[in-house]
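One structure is given here, and the rest of the page talks about it.
Everything numeric here is computed off the predicted structure, so don't read it as measured data. In the text below, chain A, chain B and the rest are named by the order of the sequence lines, each starting its count at 1. Scope of the values below: all heavy atoms of this structure, side chains included, with no hydrogens, waters or symmetry mates.
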2 protein chains.
Amino acid sequence: MAQDNDNSQAASLRDGSVTLQDIAAHAGVSRSTVSLVLRESPLVAERTREKVQASIKALGYVYNRGAAALRGSRTQTLGVVVYDIANPFFGAMVAGIDAVLNRQNYVSFLTNSEDSPARQQRFLERMREHRVDAILLCPAEGTEPQLIETLQEWRLPCVQVLRHVGQPPFDYAGTDFEQGVRQAVNHLVALGHRHIAFLGGQAEHSATRARWQGYFAAMADHGLEQTRCLRTALTRQAGFDAILALMDEPTPPTAVICHNDLMAFGAMLGLKRLGLRPGIDCAVIGTDDVEETALSDPALTSVATHPHAIGEEAARLALRRIANPDGAREQVVLSPRLQVRESCGAHRPSTHSRHAKPLVTQD
Amino acid sequence: MAQDNDNSQAASLRDGSVTLQDIAAHAGVSRSTVSLVLRESPLVAERTREKVQASIKALGYVYNRGAAALRGSRTQTLGVVVYDIANPFFGAMVAGIDAVLNRQNYVSFLTNSEDSPARQQRFLERMREHRVDAILLCPAEGTEPQLIETLQEWRLPCVQVLRHVGQPPFDYAGTDFEQGVRQAVNHLVALGHRHIAFLGGQAEHSATRARWQGYFAAMADHGLEQTRCLRTALTRQAGFDAILALMDEPTPPTAVICHNDLMAFGAMLGLKRLGLRPGIDCAVIGTDDVEETALSDPALTSVATHPHAIGEEAARLALRRIANPDGAREQVVLSPRLQVRESCGAHRPSTHSRHAKPLVTQD
DNA sequence: ACCTAGATTTAGACCCATCCAAAAAATCTC
DNA sequence: GAGATTTTTTGGATGGGTCTAAATCTAGGT
């Protein structure tokens with residue numbers, strides 16, 4: 001119907017699929033040459049390049065990455081598997097990943113394992129079928145260590161993020177949770193606390209172990225033998241329940257450190273429920289330093305783990321691994337920083353003026 | 001090196017790429033037949049199917065979706081473009097999308113436009129190159145309406161989510177924000193408020209317009225002429241600033257409704273900063289009902305917009321559109337529900353026992 | 001035993017780019 | 001200006017599936 005004039009619409013209306021062949025014909029060169037132009041090869045003469053580029057624009061050509069991937073070796077895609085995308089922490093992390101990938105023309109598949117190894121397994125298989133160039137994996141709780149070997153057999157590069165399973169060497173990006181908890185303990189001890197409990201974590205994965213290690217080691221360093229570590233789920237509800245149980249014990253702690261901020265929020269609500277004032281009757285410290293920490297009452301002191309930065313590092317690591325599949329494995333471990341607010345009792349929660357400060361958001 | 005025995009490792013070690021051809025040879029059938037088996041075609045005889053499946057398992061075959069997509073018409077992938085993945089609201093929405101897609105063996109690319117139309121444009125082009133079957137788009141603020149037409153010219157099905165631009169008919173999944181704000185106004189009026197302000201929104205997109213409309217219409221319905229609508233950004237900081245400005249006016253409102261929960265949190269902090277008690281000196285209602293609403297002090301009353309459900313609906317809509325590209329466009333508009341807590345003054349915030357109730361999280 | 005409708009299977013073109021080796025064109029050297 | 005280089009360009013094979021139309025096989029009917 002449409003006349004075959006040479007504006008871009010004509011082509012796109014015809015079928016929507018202009019191929020290299022069409023460009024080649026239009027520009028009077030071969031398919032191979034067009035391919036070289038597309039990939040910005042320096043082999044092509046300047047005049048030819050311009051001519052071809054003009055044809056590309058004129059015909060409204062769209063590169064077919066799928067076809068390219070079939071012959072070439074890269075798909076320019078990555079698989080990201082997290083276990084709780086609804087958690088703001090992961091939101092920030094994914095944003096970090098995204099930011100790095102886009103600069104490299106990469107796109108990522110995102111899937112949410114909900115901490116189910118079975119779902120995680122399905123996702124990984126699907127990613128494999130899609131021939132992603134690499135995987136960013138936050139292993140679901142209960143992930144078998146040999147999963148990492150399996151991925152290796154699949155020749156699918158994998159960067160573990162936040163948690164890790166299996167034996168080194170592997171690629172990993174995360175935070176030094178042990179050090180983070182140590183900082184929290186040190187801070188509380190400096191404030192005079194002697195009886196400090198740790199809340200949360202149950203499965204045997206690295207991120208949990210590291211926290212526990214930091215807790216016990218720091219307590220030992222200070223000669224404090226009265227340790228109390230509750231294994232629980234990682235939800236707000238779990239924090240709430242745990243603090244109730246803890247306060248009901250013969251010698252309740254004067255401070256608690258929580259596996260993550262959600263639990264800490266729950267713990268603070270639990271304290272209030274008991275008529276206790278977080279930060280005064282019992283200090284509370286969380287982990288992650290999500291944006292909402294400034295919102296709670298009192299504002300939550302938290303070990304900042306910089307999710308956006310972790311995401312960036314993980315993505316960079318993956319890109320490096322793709323470029324050099326056999327290079328030495330790397331572990332990027334960022335240092336956490338204790339973000340002191342009110343819930344640890346360092347500040348008086350009587351005035352609300354402190355709230356105003358950490359308000360700035362990054363958008 | 002490895003003997004060519006028939007266990008699965010042999011094949012995967014050889015090269016990692018077993019093809020249909022290999023399966024066909026091993027099973028003594030043709031490539032076509034294997035392809036039919038893979039796609040669960042009813043044409044294949046039961047005995048043949050079993051034989052082929054055995055070979056598939058024996059050789060450790062991995063389906064190559066890229067190759068399939070090249071000849072076939074579906075890639076089994078979807079593109080999701082959001083504007084703020086770090087916002088918990090989107091986390092929940094993405095989880096909803098993911099849940100539906102996985103059941104259909106679909107995987108989705110996720111990109112974060114950060115509300116930049118330019119970035120958004122780049123993402124869409126990249127998705128097109130990857131030949132996604134459809135796009136789920138939460139349009140960035142400032143998106144040109146003709147973008148939707150462009151996508152149509154590209155023959156790329158697009159479901160708009162939460163916000164929409166351009167002229168109907170289009171596919172859309174979201175919430176009836178107008179009704180949500182109406183509910184909030186009605187509730188406040190029932191509590192005796194006469195002077196109610198609305199905070200937030202600046203760009204001209206559907207989600208903002210709908211809220212404003214709801215606000216003005218509901219106020220008019222009650223014969224309240226003293227309206228006040230502040231155009232601001234949508235951040236916590238903006239809420240904080242806005243409430244300060246508002247309270248400084250000659251006749252400050254006794255209640256404010258906020259464009260989203262983040263702003264409402266900011267507004268509550270602002271009130272505290274002024275020495276005012278949210279829920280008593282000034283009622284505050286947010287929108288979205290993110291999980292953190294239960295955390296604030298007082299707990300935030302909010303218009304629940306069910307992000308997980310919206311995500312599910314959007315994904316379902318996209319799958320329907322893929323199956324039937326020329327069917328009638330659909331608009332799925334969920335009904336919001338006012339989730340009453342303390343910040344609107346309906347309950348006494350004196351006791352903290354209320355906090356315990358809405359604690360349950362869904363993980 | 002012969003014919004036919006229906007059930008299975010298959011060959012071979014096709015999708016669209018990349019890769020390689022070799023051809024063609026341009027430039028240089030003496 | 002012939003031969004040696006260097007720079008550009010190209011044909012044709014290739015990757016791993018799907019599709020269509022035609023071939024082959026089966027069981028049922030007479």
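- A donor-acceptor distance shorter than 3.5 angstrom exists from the side chain of A/Ser206 to the backbone of A/His164, with no hydrogens or angles considered.
- Taking atom CZ of residue B/Arg74 and atom P of nucleotide C/dC15, one finds them 17 Å apart after rounding to whole Å.
- One atom, CZ of B/Arg39, and another, C1' of D/dT20, lie 12 Å apart when rounded to the nearest Å.
- For B/Glu313 and B/Arg316, the salt-bridge test passes: some basic side-chain N is under 4.0 Å from an acidic carboxylate O.
- Remark: B/Arg126 pairs with no residue by the salt bridge (charged side-chain N to carboxylate O under 4.0 Å, His left out) rule, at least two apart or across chains.
- When the options B/Asn112, B/Thr143, B/Asp115, B/Thr111 are evaluated for a side chain to side chain donor-acceptor pair (under 3.5 Å) with B/Gln120, the one that passes is B/Thr143.
- Look at CD on A/Gln21: it is 13 Å from C1' on C/dC15, rounded to the nearest Å.
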Its contact letters, B for base, S for sugar-phosphate only and - for none at protein heavy atoms under 4.0 Å, make nucleotides 4-15 of chain D read ----SSBBBBBB
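- Between the CG atom of A/Asp22 and the C1' atom of C/dC16 there is a distance of 11 Å, given to the nearest Å.
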Can you name the atoms? Protein N/O to nucleotides 21-25 of chain C N/O, anything below 3.5 Å, with the distance.
none

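- Checking A/Arg31 against A/Ser35 by side-chain atom types alone, no donor-acceptor pair falls below 3.5 Å.
- Side chains of A/Thr77 and A/His130 form no contact here, defined as non-hydrogen atoms less than 4.5 Å apart.
- Between the side chain of A/Ser108 and the backbone N or O of A/Val80, no donor-acceptor pair lies under 3.5 Å.
- Taking 4.0 Å as the cut-off between side-chain N and carboxylate O, B/Glu46 and B/Arg49 count as a salt-bridged pair.
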